[in-house]
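Working notes, beginning with the structure itself.
Below, read A as the first sequence line, B as the second, and so on, with proteins coming before strands; counting in each chain starts at 1.
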Amino acid sequence: MVRTNSEQYWLFKSEPDCYSIDDLAQAPQQTARWDGVRNFQARNFLRDQVAAGDRVFFYHSRCKIIGIVGTAIVSRASYTDPQQFDPQSPYFDAKSSAEAPRWFCVDITLTKKFAQTVTLDQIKQIQALDEMVLRKQGRLSIQPVTQREWQTINQLAT
DNA sequence: GCCAACGTTGGC
DNA sequence: GCCAACGTTGGC
């Protein structure tokens with residue numbers, strides 16, 4: 001994938017028991033570090049593609065109401081995830097070093113919490129969303145979204 | 001909480 | 001560099 005000048009769209013997954021959109025809403029400046037990503041494909045997106053100004057769907061997984069719960073904007077482009085160097089952290093990685101860091105993070109800022117979740121059930125029923133990465137690669141926690149998918153889901157949310 | 005799918009690790 | 005074993009994700 002080639003980086004273009006225009007903003008790009010992403011979907012970030014989180015288990016709400018771990019970190020929910022309400023946690024983001026209550027964070028200082030409604031901004032949080034999106035860290036702890038420990039999957040190489042997701043890491044590559046974070047490190048190489050996600051840019052400041054890109055738009056993000058906030059997705060709740062492994063919970064009662066699964067789906068997209070709101071939107072955020074990338075407020076800081078990728079930097080090394082400090083938790084990989086902290087032996088106390090669950091995200092510590094002994095194989096990583098300052099010279100060759102393995103893991104990256106970005107900051108996101110809340111832009112909108114949807115009045116109602118756009119549920120996975122809904123997404124599955126809409127033909128325009130058949131090609132979403134979400135539908136094809138269930139386990140990828142950072143994934144690209146097309147402009148058409150972005151618009152379709154935003155329309156559903158209003 | 002189960003378990004299928006799939007990513008990662010490590011012995012060979 | 002293959003692939004079995006293992007660990008994790010995430011919908012149900």
- Query: Rounded to whole angstroms, how far apart are CE on A:Met132 and C1' on C:dG11?
  - Reply: 16 Å

- Message: Is it the case that the side chains of A:Arg148 and A:Tyr9 hold a donor-acceptor pair, with the cut-off being a distance below 3.5 Å and no angle test?
- Response: no

- Measure centre to centre between the rings of A:Trp103 and A:Phe85, then say whether the value is under 6.0 Å. no

- Message: Set out, in order, the CA-CA distance, both residues' side-chain angles and the distance that settles side-chain hydrogen bond (donor to acceptor under 3.5 Å, both in side chains) for A:Thr111 and A:Thr71, then state yes or no.
- Response: CA-CA 6 Å; A:Thr111 41; A:Thr71 61; 2.8 Å; yes

- Side-chain N,O (A:Tyr59) to OP1/OP2 (C:dG11) below 4.0 Å: yes

- N or O in side chain of A:Lys124 less than 4.0 angstrom from C:dC12 OP1/OP2: yes

- Query: Could A:Asp81 and A:Arg38 be called an ion pair, given the rule that one side-chain N must be under 4.0 Å from one carboxylate O?
  - Reply: yes

- Atom pair distance, as rounded to whole Å: CZ in A:Arg135 and P in B:dC6: 15 Å

- Note on the structure: Whole-Å distance, A:Gln41 CD to C:dT9 P, equals 15 Å

- Task: State whether A:Lys13 places a side-chain N or O below 4.0 Å from either non-bridging phosphate oxygen (OP1 or OP2) of C:dG10.
- Result: yes

- Query: Nearest-Å distance, CG (A:Asp17) to P (B:dG1)?
  - Reply: 12 Å

- For A:Arg38 and for A:Arg62, find the nucleotide of DNA chain B with the closest heavy atom, then tell me which residue's nucleotide is more 5'. A:Arg62

- Query: Once you round it to whole Å, what is the distance between C1' of C:dT9 and CG of A:Asn39?
  - Reply: 10 Å

- What's the closest nucleotide to the A:Ser61 side chain, out of C:dG10, C:dC12, C:dT8? C:dG10

- Message: Side chain of A:Leu120 only, heavy atoms from C-beta on: which candidate in B:dT9, C:dT8, C:dG11 is closest?
- Response: C:dG11

- Message: Please report the distance, rounded to the nearest Å, between NZ in A:Lys64 and P in C:dC12.
- Response: 16 Å

- Closest of B:dT9, C:dG10, B:dC6 to the A:Ser141 side chain is C:dG10

- For this output row, return yes or no: ring centroids of A:Phe45 and A:Trp10 closer than 6.0 angstrom. yes

- Message: Rounded to whole Å, please give me the gap between NZ in A:Lys136 and C1' in B:dA5.
- Response: 17 Å

- Item | A:Glu15 CD - C:dT9 C1' separation (whole Å) | 8 Å

